[in-house]
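Scope of the values below: all heavy atoms of this structure, side chains included, with no hydrogens, waters or symmetry mates. All chains are named by letter (A, B, ...) in the order of the sequence lines, taking the proteins before the strands, and each is independently numbered beginning at 1.
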Number of protein chains: 4
Amino acid sequence: MVSQMTATPPASAPATRWSRRKDVRPGEILEAALKLFVEKGFRATKMEDIAREAGVTKGTPYLYYENKEEIFKAVIREGMLTKFDELEGLSGQDEASAETRLRQVIYRWWESIGNTRLAGLSKLMIAEAANFPELASFYHAEVIVRCRNMVRHVLEEGVERGEFHILNMDHAVEIVIAPLLLAMVWKHSFHNFESAKFDMPAHLDNVLDILINGLKTR
Amino acid sequence: MVSQMTATPPASAPATRWSRRKDVRPGEILEAALKLFVEKGFRATKMEDIAREAGVTKGTPYLYYENKEEIFKAVIREGMLTKFDELEGLSGQDEASAETRLRQVIYRWWESIGNTRLAGLSKLMIAEAANFPELASFYHAEVIVRCRNMVRHVLEEGVERGEFHILNMDHAVEIVIAPLLLAMVWKHSFHNFESAKFDMPAHLDNVLDILINGLKTR
Amino acid sequence: MVSQMTATPPASAPATRWSRRKDVRPGEILEAALKLFVEKGFRATKMEDIAREAGVTKGTPYLYYENKEEIFKAVIREGMLTKFDELEGLSGQDEASAETRLRQVIYRWWESIGNTRLAGLSKLMIAEAANFPELASFYHAEVIVRCRNMVRHVLEEGVERGEFHILNMDHAVEIVIAPLLLAMVWKHSFHNFESAKFDMPAHLDNVLDILINGLKTR
Amino acid sequence: MVSQMTATPPASAPATRWSRRKDVRPGEILEAALKLFVEKGFRATKMEDIAREAGVTKGTPYLYYENKEEIFKAVIREGMLTKFDELEGLSGQDEASAETRLRQVIYRWWESIGNTRLAGLSKLMIAEAANFPELASFYHAEVIVRCRNMVRHVLEEGVERGEFHILNMDHAVEIVIAPLLLAMVWKHSFHNFESAKFDMPAHLDNVLDILINGLKTR
DNA sequence: CATGAATGAGTTTTCATTCAT
DNA sequence: AATGAATGAAAACTCATTCAT
């Protein structure tokens, strides 16, 4: 999705009916599908819409994917993994305070996922989990659990250093993750109705203040 | 939904083939529709499935609702309002500490919404907001904003009393709401994959400990 | 197919858009499908053509059959069995000479199968055997083998009575069956090109003369 | 088909990527098409399958044939003619008895047609006659009628010589042809279900014994 | 000559909705 | 008031054919 799904802008002047771009098509199709699935949901998205959005015709997606369901699976699968590799690679590099590192993790998540079209994936999986159980399982293992582990790791270090005082680690992890989820939901489902659009970095800042304050050793 | 959607048990010996059911049918249909919409989404739910789930046949829902979309709207509209009236009626009755009242609000929310089939409504609206903008607007005004206001009210009282120290009220409200949303999402989308199922009341307890600690005046 | 597939003529004056005739629809659909499959083959027959031929619209056949393949199977399955029960019931009733009985079997076959739309089934199976192996197997067991057995039975009696002199029974059975197959093929595939249409009963007569003469004990 | 369809082994080291194959390609394509049409029928055979079977890619058949229908016509047209020329050339050469010559005709037919992939052509035409009337007409004139004439010629000689006693020549011709058709049908449609595979030469032998016996003057 | 990505007309199949019973 | 057979618009999917490379 990182490389494949970065669509090249539709050729400005297509002199011919079409061009052959076997290598980029799959990415363009997934990109288009991601956008529409996130917007309308799996069932409400028509194959022809995906094709049109990708700049091809009805039949072309079928050259690369068996059917609509396979496109959905590919969207999810290719969508998040690489980003996480990046994220996990970054975290843990420095020797700053746990507080600083927690803030870093959250900000980075916002930059590379939350503020990205990929955040829509989460909304998508929330909506379709019951219809695609194996995919939900995959998402749970590869996204939710990894996300929790990243947070848990920082929190545990904070506890070791005596910075944080945490009674129940599982629940503490959740409260850190919760506002991230909320941010994605606001962004993807109700942004049109929020009169004063959230300044998300500032929001995360304030939320972290409260949380870190609440987690701190007294 | 409270009154209408409380289905009378279909087993209660009907005198005629279809004795006067005009009064209970709509509720049974909405109840069935809610269940299926939450499970599978709007598009993936077939009218016939709704009918079967409601114990009637294909044509019957159309006697009470124009079409599938109207059923969806009715499900959302009737689904949450009355519950909120209850909730709002309860809160603010006592003169306990803001901390106590915040805990009460959250627990009551969990009892009357979060732990109820109605929680699925939120998942549903998150998924379908883009397809039903007016409905999303309605939901935003009637559910999200009211929910925020309830929380805000308690927090503001806490600030007035000198119990809480809050820099940005909007953001503080969000961090209180966030774990509630998370709870609903876990419950409705990924509960099958959570090895150790959350003891939700305990979780809310712990989360509130952290939040209240973080919000407290030092 | 006998009863079910006997289509009632389309109601002369349908005042309404359609009428509900759940009991006769399947037969009408199979009847229509048989006609078109025999004419054009399985693949070249469109579902919509079957529907139109049956006097219904596109969607109706799907109320009674999963898909086109199931219709094909039903056509074959229902097509021949009952006729054969009739045939087998008739043969062997009298104590006439083997020659007489052989002639009877052949004539009856012609009346109840060869001269019927059902003969087209054979052409159909010949064409589609490779595409529907299990169905071909079923056809082989239920039609071909039964047909051979009927003939074999008569020939064996003829041998017992000393009427016929047969060196290899298997091959003798085939030579009796062969002209029946030929008759069906001519009728269904090349009848338009035969300048002098065969008088089939006379033809069978002549053929039987030769065969019986050839089989006779000298 | 004899010359064109005799594919040169594709293994013969090509000097260039596609060295002058213009002369052999059409035959290879028809050969592949024949095989697949016979196996699956005209409609169920995909152009791409023909191409793959012929060892080329999708576009190539269109360099040699207008479209799928033209390929079908070419398959039929080129398929049988030359073989018949051979057959007709052979028959009538010697001065043996009519019985001997009849046996010869049948055996030769079996060798050069019945036991060949070309036999599938008959099955194909039986199946597709209604969809390709002009082709069926052509096949009728060039194959069926010629085949009958060959048989008729021998039978007439037999009558002239006083060997055969035939009341109705047309019908006699059919009874001789019938087992040939049967043989092809068995071979191409139901061979998988025949427990004891027929020893076809022996079968033809036995069948001819009966027929010739039946035709003989007493 | 040959390739094979792309097209788009054509089919199959689904399902919300209607309406005779 | 309820049924459920039938409709027909709308989607999903196929594949013969084209044409840039």
> When you look at A/Leu121 and A/Val38, which way does the side chain to side chain contact (heavy atoms under 4.5 Å, CB included) test go after all the steps?
Replying inline: CA-CA 7 Å; A/Leu121 272 180; A/Val38 167; 5.7 Å; no

>> B/Ala129: which residues meet the side chain to side chain contact (heavy atoms under 4.5 Å, CB included) condition with it, sequence neighbours left out?
In response: A/Ser189, A/Phe190, B/Met125, B/Ala136

> Who pairs with A/Arg77 by side chain to side chain donor-acceptor pair (under 3.5 Å), at least two apart in sequence or on another chain?
Replying inline: none

> With sequence neighbours left out, which residue pairs that include part of residues 52-61 of chain C fulfil the side-chain hydrogen bond (donor to acceptor under 3.5 Å, both in side chains) condition?
Replying inline: C/Lys35-C/Glu53, C/Asp49-C/Arg52

>> Going by the rule side chain to side chain contact (heavy atoms under 4.5 Å, CB included), which residues pair with B/Ala51 if we only count those two or more places apart in sequence or in a different chain?
In response: B/Val56, B/Pro61

>> According to side chain to side chain donor-acceptor pair (under 3.5 Å), who are the partners of C/Arg25, at least two apart in sequence or on a separate chain?
In response: C/Glu28

> Considering residues at least two apart in sequence or located in another chain, which fulfil the salt bridge (charged side-chain N to carboxylate O under 4.0 Å, His left out) criterion with B/Glu66?
Replying inline: none

>> Which residues pass the ring-ring contact (aromatic ring centres under 6.0 Å, His included) test with B/Phe72, not counting sequence neighbours?
In response: B/Phe37, B/Phe42, B/Phe132

>> Using OP1 and OP2 only, check whether a side-chain N or O of A/Thr60 sits under 4.0 Å from E/dA6.
In response: no

> Does a side-chain N or O from D/Arg25 land closer than 4.0 Å to OP1 or OP2 of E/dC1, or not?
Replying inline: no

>> Has D/Lys68 got a side-chain atom pairing as donor or acceptor with D/Thr45's backbone, closer than 3.5 angstrom?
In response: yes

>> I'd like to check the salt bridge (charged side-chain N to carboxylate O under 4.0 Å, His left out) partners of B/Glu70; sequence neighbours left out, ordered by chain and number.
In response: B/Lys73

> How large an angle, rounded to 10°, do the end axes of the helix from E/dA2-F/dT21 to E/dT21-F/dA2 enclose when each is built from five base pairs?
Replying inline: 0°

> Which whole-number value in Å describes the distance from B/Asn67 CG to F/dA9 P?
Replying inline: 17 Å

>> Tell me the interatomic distance from C/Ile29, atom CD1, to F/dA5, atom P, rounded to whole angstroms.
In response: 12 Å

Tabulate atom names and distances for all N/O pairs under 3.5 angstrom spanning the protein and nucleotides 18-21 of chain F.
| unit_1 | atom_1 | unit_2 | atom_2 | d |
| --- | --- | --- | --- | --- |
| F/dT18 | O3' | A/Arg17 | NH2 | 3.4 |

>> Rounded to whole Å, please give me the gap between CG in B/Leu63 and P in E/dT17.
In response: 14 Å

> Does anything in residues 39-57 of chain D reach DNA chain F, meaning a heavy atom under 4.0 Å, and if so which residues?
Replying inline: D/Thr45, D/Lys46, D/Met47

>> In this structure, how many angstroms lie between the P atom of E/dT12 and the CD atom of C/Glu70, rounded?
In response: 15 Å

>> Rounding to an integer number of Å, can you tell me how far C/Ile71 CD1 sits from E/dT12 P?
In response: 10 Å

> Over how many whole Å does the gap from C/Asp23 atom CG to F/dG4 atom P extend?
Replying inline: 15 Å

> What is the nucleic acid contact for C/Tyr64, judged by heavy atoms within less than 4.0 Å: base, sugar-phosphate only, or nothing?
Replying inline: sugar-phosphate

>> Between C1' on E/dT14 and NZ on A/Lys68, what's the gap in Å once rounded to a whole number?
In response: 12 Å

> Considering residues at least two apart in sequence or located in another chain, which fulfil the side chain to side chain contact (heavy atoms under 4.5 Å, CB included) criterion with A/Ala44?
Replying inline: A/Lys40, B/Arg43, B/Asn131

> To the nearest angstrom, how far is A/Glu28 atom CD from E/dA6 atom C1'?
Replying inline: 13 Å

